[in-house]
Amino acid sequence: MFRDLLRKHPLFVSEYSNLKIQLSSEFRNHRKAYTEGKTEFVTRIMNEYKDVL
């Protein structure tokens, strides 16, 4: 579902990429925090746009 949203909304791709860069820099040695940061974004996008697909 998230992949399909990214395909339909190029802006999300940019936001997600920027987030991943920020998180990887901020949590270089803390994989769990990096993953949690991505999870928050993915969950928010899927909840807000689940009816769009």
Side-chain angles (χ1 to χ4, degrees):
M1 184 173 142
F2 182 67
R3 182 200 66 215
D4 293 341
L5 285 168
L6 291 178
R7 288 180 174 170
K8 286 188 175 195
H9 302 278
L11 180 61
F12 293 160
V13 174
S14 178
E15 288 179 39
Y16 189 51
S17 295
N18 290 335
L19 174 65
K20 287 172 47 172
I21 291 168
Q22 174 193 349
L23 291 171
S24 67
S25 176
E26 187 176 344
F27 299 114
R28 178 175 288 266
N29 297 315
H30 198 270
R31 178 76 180 169
K32 185 176 179 182
Y34 170 80
T35 302
E36 288 171 354
K38 290 191 324 177
T39 300
E40 290 174 16
F41 177 84
V42 171
T43 301
R44 180 178 56 86
I45 293 299
M46 287 182 18
N47 285 336
E48 289 179 19
Y49 293 90
K50 64 184 172 194
D51 296 332
V52 174
L53 293 177

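What you see is a predicted model, and the numbers here were worked out from it, not measured in a lab. All heavy atoms count here, side chains included; hydrogens, waters and symmetry mates do not.
Atom OG1 of residue Thr35 and atom CD of residue Glu40 lie 11.5 Å apart, to the nearest 0.5 angstrom. Note: Tyr34 OH to Leu19 CG = 8.0 Å, rounded to the nearest 0.5 Å. Atom CD1 of Ile45 is separated from atom CE of Met1 by 10.0 Å, given to the nearest 0.5 angstrom. Taking CZ of Arg44 as the start and OG1 of Thr39 as the end, the distance is 13.0 Å to the nearest 0.5 Å. Taking NE2 of His30 as the reference point, atom CG of Leu23 lies at 12.5 Å (rounded to 0.5 Å).
Ser24 places a side-chain N or O within donor-acceptor distance of the main-chain N or O of Lys20, the cut-off being under 3.5 Å.
Contact annotation: the side chain of Tyr16 approaches that of Val42 to within less than 4.5 Å [non-hydrogen atoms, C-beta and beyond].
Relative ring orientation between Phe12 and Tyr49 is described as perpendicular, the plane-to-plane angle rising above 60° on a 0-90° scale split at 30° and 60°.
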